[in-house]
Amino acid sequence: LAKTTQPISMDSYEGQEVNITCSHNNIATNDYITWYQQFPSQGPRFIIQGYKTKVTNEVASLFIPADRKSSTLSLPRVSLSDTAVYYCLVVSYGNNRLAFGKGNQVVVIP
Amino acid sequence: EPEVTQTPSHQVTQMGQEVILRCVPISNHLYFYWYRQILGQKVEFLVSFYNNEISEKSEIFDDQFSVERPDGSNFTLKIRSTKLEDSAMYFCASSAGLAGVTGELFFGEGSRLTVL
């Protein structure tokens with residue numbers, strides 16, 4: 001499983017767009033990039049998954065450059081309730097386990 | 001929205017006792033998982049279950065642990081001879097497809113186990 005590296009924490013003001021980066025230098029051809037969110041004392045929640053270029057859903061956008069060695073999760077206009085730990089994971093096609101790292105603690109400030 | 005439900009939400013037990021944590025996965029899902037998170041640490045994979053058998057397990061999932069799907073709805077994790085270091089939040093999850101295909105696992109709220 002490719003290792004991921006994320007900043008430990010970041011702060012953002014309410015209403016701003018937040019971009020959360022992740023590096024995965026050893027990503028393999030059949031790996032996907034997946035992001036989860038976790039609130040305190042709750043289970044992780046799936047946000048988005050992508051393979052390359054850009055993926056967008058109702059919650060976030062995921063930007064993946066051509067070399068796929070990094071990715072950026074973009075949260076538009078965050079609110080206080082977006083304060084959470086955000087995990088970037090690399091998941092191999094056909095694999096059945098998720099390997100969570102330490103994640104990035106995002107704190108949204110009023 | 002369908003959800004994974006877990007019981008109990010919190011269990012306190014004495015060291016050496018056996019505990020059973022219960023989960024009701026989303027009804028049309030085929031893959032079931034247990035993860036755990038020790039306070040302040042990473043979410044760790046324990047085991048995945050498909051077609052009534054374990055499909056993958058981590059090095060954490062030793063003989064002390066077992067899983068079962070006793071009927072069509074419940075999925076249980078049994079921990080025998082609990083130790084202090086088993087204190088953690090245990091998350092059940094389910095998915096319609098392989099994690100590596102859909103990426104989307106649905107996690108429950110967790111069962112907090114405290115071993116005294």
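Proteins get letters first, then strands, A, B, ... in listed order; numbering begins at 1 in each.
- A:Asp31 and A:Ser92 share a side-chain donor-acceptor pair at under 3.5 Å.
- With a 4.5 angstrom heavy-atom cutoff, A:Phe39 does not touch chain B via any of its atoms.
- Between B:Tyr50 atom OH and B:Leu98 atom CG the span is 8.0 Å, to the nearest 0.5 Å.
- Within the 4.5 angstrom heavy-atom criterion, only side-chain atoms of A:Gln49, from C-beta onward, approach chain B.
- Remark: B:Arg80 does not engage B:Glu18 in a salt bridge, criterion side-chain N to carboxylate O under 4.0 Å.
- Side-chain contact, A:Tyr87 with A:Asn104: no donor N or O sits under 3.5 Å from an acceptor N or O.
- In this structure, the portion of B:Tyr35 lying under 4.5 Å from any heavy atom of chain A is its side chain and not its backbone.
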Run the side-chain donor-acceptor check on residues 84-93 of chain B: report pairs under 3.5 Å with partners two or more places apart or on a different chain.
from    : atom 1 : to       : atom 2 : distance (Å)
B:Asp86 : OD2    : B:Gln64  : NE2    : 2.6
B:Asp86 : OD2    : B:Lys83  : N      : 2.7
B:Ser87 : OG     : B:Leu84  : O      : 3.0
B:Ser87 : OG     : B:Val115 : N      : 2.9
B:Tyr90 : OH     : B:Asp86  : O      : 2.7

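- B:Gln37 touches chain A through its side chain: at least one heavy atom from C-beta onward sits under 4.5 Å away, while N, CA, C and O do not.
- Within the 4.5 angstrom heavy-atom criterion, atoms from both the backbone and the side chain of A:Tyr93 approach chain B.
- By the side-chain hydrogen bond (donor to acceptor under 3.5 Å, both in side chains) test, B:Thr76 pairs with no residue at all, sequence neighbours left out.
- Looking at B:Glu56, the atoms closer than 4.5 Å to chain A (heavy atoms on both sides) all sit in the side chain, from C-beta outward.
- Contact of B:Ser58 with chain A is made through backbone and side chain together, with heavy-atom distances under 4.5 Å.
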